[in-house]
There are 8 protein chains.
Amino acid sequence: MIGSRHARLDGAMSSDFEHDWDRRRRTGIAEAVMSDRKSVAQLDAIGREALGVGRNLLFTRLAGSQYGGLHDDLRRQLDYDPTSRTAILGPIAEPASPAQICVVTAGTSDLPAAREATRTLTFNGFAATLVVDVGVAGLWRLMKALDTIRMHRVVIAAAGMEGALFSVLAGLVDSLVIALPTSVGYGVSANGITALHSALASCAPGVVVVNVDNGFGAACAAIKAIQAAAPVGDPASPA
Amino acid sequence: MIGSRHARLDGAMSSDFEHDWDRRRRTGIAEAVMSDRKSVAQLDAIGREALGVGRNLLFTRLAGSQYGGLHDDLRRQLDYDPTSRTAILGPIAEPASPAQICVVTAGTSDLPAAREATRTLTFNGFAATLVVDVGVAGLWRLMKALDTIRMHRVVIAAAGMEGALFSVLAGLVDSLVIALPTSVGYGVSANGITALHSALASCAPGVVVVNVDNGFGAACAAIKAIQAAAPVGDPASPA
Amino acid sequence: MIGSRHARLDGAMSSDFEHDWDRRRRTGIAEAVMSDRKSVAQLDAIGREALGVGRNLLFTRLAGSQYGGLHDDLRRQLDYDPTSRTAILGPIAEPASPAQICVVTAGTSDLPAAREATRTLTFNGFAATLVVDVGVAGLWRLMKALDTIRMHRVVIAAAGMEGALFSVLAGLVDSLVIALPTSVGYGVSANGITALHSALASCAPGVVVVNVDNGFGAACAAIKAIQAAAPVGDPASPA
Amino acid sequence: MIGSRHARLDGAMSSDFEHDWDRRRRTGIAEAVMSDRKSVAQLDAIGREALGVGRNLLFTRLAGSQYGGLHDDLRRQLDYDPTSRTAILGPIAEPASPAQICVVTAGTSDLPAAREATRTLTFNGFAATLVVDVGVAGLWRLMKALDTIRMHRVVIAAAGMEGALFSVLAGLVDSLVIALPTSVGYGVSANGITALHSALASCAPGVVVVNVDNGFGAACAAIKAIQAAAPVGDPASPA
Amino acid sequence: MIGSRHARLDGAMSSDFEHDWDRRRRTGIAEAVMSDRKSVAQLDAIGREALGVGRNLLFTRLAGSQYGGLHDDLRRQLDYDPTSRTAILGPIAEPASPAQICVVTAGTSDLPAAREATRTLTFNGFAATLVVDVGVAGLWRLMKALDTIRMHRVVIAAAGMEGALFSVLAGLVDSLVIALPTSVGYGVSANGITALHSALASCAPGVVVVNVDNGFGAACAAIKAIQAAAPVGDPASPA
Amino acid sequence: MIGSRHARLDGAMSSDFEHDWDRRRRTGIAEAVMSDRKSVAQLDAIGREALGVGRNLLFTRLAGSQYGGLHDDLRRQLDYDPTSRTAILGPIAEPASPAQICVVTAGTSDLPAAREATRTLTFNGFAATLVVDVGVAGLWRLMKALDTIRMHRVVIAAAGMEGALFSVLAGLVDSLVIALPTSVGYGVSANGITALHSALASCAPGVVVVNVDNGFGAACAAIKAIQAAAPVGDPASPA
Amino acid sequence: MIGSRHARLDGAMSSDFEHDWDRRRRTGIAEAVMSDRKSVAQLDAIGREALGVGRNLLFTRLAGSQYGGLHDDLRRQLDYDPTSRTAILGPIAEPASPAQICVVTAGTSDLPAAREATRTLTFNGFAATLVVDVGVAGLWRLMKALDTIRMHRVVIAAAGMEGALFSVLAGLVDSLVIALPTSVGYGVSANGITALHSALASCAPGVVVVNVDNGFGAACAAIKAIQAAAPVGDPASPA
Amino acid sequence: MIGSRHARLDGAMSSDFEHDWDRRRRTGIAEAVMSDRKSVAQLDAIGREALGVGRNLLFTRLAGSQYGGLHDDLRRQLDYDPTSRTAILGPIAEPASPAQICVVTAGTSDLPAAREATRTLTFNGFAATLVVDVGVAGLWRLMKALDTIRMHRVVIAAAGMEGALFSVLAGLVDSLVIALPTSVGYGVSANGITALHSALASCAPGVVVVNVDNGFGAACAAIKAIQAAAPVGDPASPA
């Protein structure tokens, strides 16, 4: 973690970081590797270290070109999903209980963020139900799915553009609604900022929000909300 | 309209403008006086000129203190609405036909902009139906009002905060929906910009938008849409 | 529409959406496919489904590379316009009446958005007149075209940069003016936000606005305005 | 809720809204009255209606001048807190269990938002612990309070300026952290936007966020998270 | 100008500045006093110094309350214009030649900035023609004034809202057009930023721009442009 | 200019525009072709039309790839400058008089915008002096060049980053200073907005501003300022 | 610091905070009280506690109305400066050495922030030289003061509007330059953001920046820079 | 530096700039070449001139493709670091004393900016300690490194996302903390603006800030702070 005096002008820095293998025991959520600013060499080093100590690992924001550049022995053991740009290393246990978390999207274009959320939940041992393409422009689609959605304790809603889904959904279900704004849109909704602001300004009380396209964070928050049910100090075991 | 060479440093400029009394004949919409940057003296001059030539007049954004400062003979003839800060001068004819335009608000706080719209319609001879407090956090309120709303050719929807009403409404009715964002909100929705962006980014096709709190403009656009039905070149007479 | 419990980490999700074939009957406007965030595989699946059920279909924001990647049997039946990046599937009926909608552009650079509007109108059975390159820097060009423009009930005005065309045009014609800001510009007008704000702040009453580059939405609104003329409840047949 | 045809230009609209007395039964959270855009007359009407039907009521964003203007018989029955600008009508039951929610502030200036949260919790029957002035510039203050904070299932963190407290706290406790950015600050942190962005961009996974100064929303979300622990369909009774 | 070591905690600092009496000789434009952040005591000191040395002086952004607070002997010698909030001290010579500069406004609300410009010109010995209320929503007003405007070498155009006047005017006259955006507007045009951006993004080549409401700066630039005609090194005498 | 009814779905539109060959006679500045949104086919058509009628032509924002794609017979007759991405068609007359306009840059990175200005001046028959790399971080460089700069009637100053050059220069010379902000910078100065704002907020009176990287507009304004010296109505012949 | 379970709805919270009397020993800089969001009662309590334990105290952003509301015995012992809105409690020792820090302002309007800096330095035992009104529009004023400024190890430069002073000064002196942007300006420079960005984007290497109007922070940084000279671990005694 | 009259339309301008070889003697910091807007030809010319006069040189923001395009004889003598995109020409002396400056990063993704800082320090003869990956989400990492960090007079802290590290670190060490925000992040933290604002709004007094990703500027400021310790006028020799 700590380099020595900067006497050499070398570009290599092979042990710059110290992975937090212990995070899951402390917080119930295993640490993930945000890959987009890391070199293939750095990602390889982290992956091999995980293999060496026999740990599971979740890579997020792993571009196809990064994935393709990893060493064969690591890449073969990864379950890679190009839609969400996530890769999972290690055997994932079957969830012990039915899904308590529902991930809902306004359109198919919101799937990258939504699947980052479902994959993060899977990786941490939580089942999730995925309901796709129920944006409010065709309200009857949402109505048809409502009974399904209402069966869950926490709802993650992924939407871009104007994000009207957040408020409508929160008015229809009693569960905690976590708004996951996505960068789907153009003009004033480019980059997801309008969807984000729409979620924050929601007229429905109790909507909480994560950063644009942060499916990983939404999943972590959902897990923490589920765990809030457990006696304090006793990390809830995944359902 | 045109001042002479600026030889004197006088503050008075009593005939700086030339009111467009002819606008209604040309466009079907009478010119209004946006009052907020005008002095009481200027407003008095405009009002008396209208009285003198026997014209009706609509004042918008007329603060109570401005209204109170007008000369008695003018003020007594004004119909002033403090909610919308509008004043109407002159006898308003009864609309000749049932309301073709429906003005819908998400909350009671949207009434200032909504009533600027209904008053502008009334002033120009168009009837309007006003439906209040049907924001999407309680979707059943909107559903109860839906049959009423659907009976109109044009819908003006007034909402602040996250403006989810625009998209939901546009998904439920076939009429042209004119979104009227209001400056109701705080934090990211302060000043109505989030509601505005929400309207522009709506996932429901065909929503059109006016500036924040521009109830006057929304009403003018609604009239023009109704008039689009008339044979071209022949200004539609108010319904 | 509704996926099952997320037990598998698969990337494929072939039936994630449910196309709204019924939209036209309900609203008078057929649903379109916004293509830019969809994979070629998804677009192929939608297109073939349309072929299978014998429906027309409009693709918007379809990049040349996406179009080129479609299966031959689908691609051959598409009418693709690279300027507007739209593709139309199916036989388009001749409009039954002369154009009631005029699409006007400030410059040739506004053609992509303008043609997205005209193609959407064509697809829905409405004729349109296209008037190009009449920006206000050379006002006489606009004046020459004014008689033509005035013959239409609705005017869609496409402009980028400072968008002065919106106000000038709305001051010269009685029709409903729908402002279609375009992302033409640089510096402060990059991304079309200045043109958008210019339209919203227009000093000419009754201008309505759609999102930047949203030619599809402008066309839908124009259709709805034309339909506002029909008796309520009775969807106007395309002219 | 629905006005009749707008034939009269009257300013009064005494029954413009329909209070949602049923909300608590449906969602576990009683509806509150956001007061800042309402007239004293409107607030009086709502309060008296509540008195009449024997309901409790929470007013938020109730300015001292509004409170002072209420009719005596209503005002005397209100518990008004000038710091949070909230008023509670009706007898509040003692919470049945120890506090599960902890509200933490970076400074004393964050108290208005923080107390809006604790008052909302109290009103809905939930106990809360309040920990004040533990901003990260003096980290030892936070460390001293850490054992207390960790005893709660949900933590609401209120901070303005740069909002570093959100990330630090979320790294130190396992509970769900709800970030409540406040409008405390000046220059780049004016209006709370920097604190808001800081919360959304937090490097600590699982932080969720509400709008600036939205203590009411943070409390509602905390209640929903606590309720997420209860069997689905069976609204958790307040602890 | 330079204080001594800060040993005393005194609030008074009576000689903090050194007025640039020599500016006019060097640049052809006399220095003005921007008053809005200065105390009445500071303004009094500057004014009396000017009286003492027999210099003319221009105060800009001088609020009525500041003006009213000045010492009687100074105030009596000031020519104060409440519209533009400017005060002129000293005898102003009649301009030697007809007006070469025309100041044009879109509406009467733009007069404060426009008159700051004309008063600055007067103070520096230049005549100006003022043309008011020729915004583009009623293009025929502008057309009527066009011959008058074209008789000037430099045109200052003052407009708020969407600022379409800048582009239209620049397309119609050959003179240098200096755009003076004003803070007239609301919603997206609040504070004049939309008018400013509109001016900068103008499709008409050669428009130059000053800060919002900077009538003083527009006048200075106009003088410099007129002077650009004179042989270099030889400050143009006012026309 | 005006297309016919949109009966065909064709992509070609070969005569969409009408070049303004007459502009120079009217305004003293020949029209230029902004190339960046035009196809090579469109540019070819414009260029050949110019060749056909024997006119000079200036292309701005012409990418190397666009230039390379033009037909040989057109391309060979163009004088192309890759730094400013401008191309000039036709014989350019020698300026009749010494340079009256000086173009000054803060750094070498500002050359693209600065050379767009000098090339535009050359094309219109005006000589210009170019002074490069005199940013204020090394004030002595600017001081060394000051005598040269002061010999000109109009100064165009090109600077990015913080744009301090604008104010310093305007404090040192009497000429009209036209600020040309450039998109040189990163972080808060990315896209030139900080330099633009710096120019608009300049503490030196009389600085006027054009859009970011608008070297063409700065040159046009400089020509108009020079022409302001000529008797009104009589377009100044290039010096 | 830690409140108990929130059983009571009381508004009073008399011991909500715990002043950090020990900060100076730890960091060399005594803690200050930012007053603007505190009630007079809270300020009184803090001031009396300081009196009680015999500590010096610095209040910043203390409005005149707050100061006037303090108890007589506290107020009489405060040295209050209305320009900077600071109050100092307690005897301030004479600085032991000549000023090492120079505070420079572009205009007299920057004095509030500049004096917040000098007063903070005085309070902490550091002498400072104050140089006022040396903005770059009149560069010779700065040049006259340059020898004085260069005699100091650290320079705090206070400027609003376009903030050109920061870059010019940093190019002329070798000392560390701390830019203190002020909220002096209007239009694009309203609220000091342009001056802030100008400082951050400075072309002169090594300029560091504090928040708008943060004279207190600039002074603290200057002290830390002076102390950086002392052997590490050994807090530099004030000069 | 000064071009002659612009008679030729040539693209080459081989001697447009004049490198400031003398800067180091004047300021203690050698001038660097910001490479990103320069052509390879320009960079080659500068590098060869440095070789010719036997000077050391630092290139910043030198892309790999630029580096690869340099002439062999220059490229071979450069020490190029792809992480920070810096290249150093010339023999670098060993620092004479232990590191007085510590560069700390929140994550490995902050290394490009952090290494630009350390390489700039090395180039100017100052040693630096590099501490990596101590972001506040895992506070114990920072705590482990605290003793090391505290041994330095100046701390440069590099962080993106929400930038909480700045405030936490400044609350824990007495040294001057220079915040170096990085463009690491997405959504609201894209481009580093949230980290930048977080630094400016820090609740810890005395944090100073440089532009996003400006590692070079942070290093220059650190050197100036170290030099502030030396007797004035006598540039501190590198430690």
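Each chain gets a letter, A, B and so on, in the order the sequences are listed, and its residues count up from 1.
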(request) Return yes if some donor-acceptor pair links the side-chain N/O of G/Glu162 with the main-chain N/O of F/Cys203 below 3.5 Å, else return no. (result) yes

(request) Examine whether an atom of G/Ile193 lies under 4.5 Å from a heavy atom of chain F, and if so say whether it belongs to the side chain, the backbone or both; otherwise answer neither. (result) neither

(request) Count the heavy-atom pairs under 4.5 Å between each of G/Gly185, G/Ala199, G/Ala164 and chain F, then report the option with the highest count. (result) G/Ala164

(request) Determine the sole option in G/Leu142, G/Leu139, G/Leu165 for which the side-chain contact (heavy atoms from CB on, under 4.5 Å) test with F/Val168 is passed. (result) G/Leu139

(request) Working to the nearest 0.5 Å, report the span between CE of G/Met143 and CE of F/Met143. (result) 4.5 Å

(request) Go through the atoms of F/Leu196 and report whether side chain, backbone, both or neither lie under 4.5 Å from a heavy atom of chain G. (result) neither

(request) Please report the closest heavy-atom contact between F/Thr194 and G/Ser198, naming both atoms and the distance. (result) CG2-N, 3.8 Å

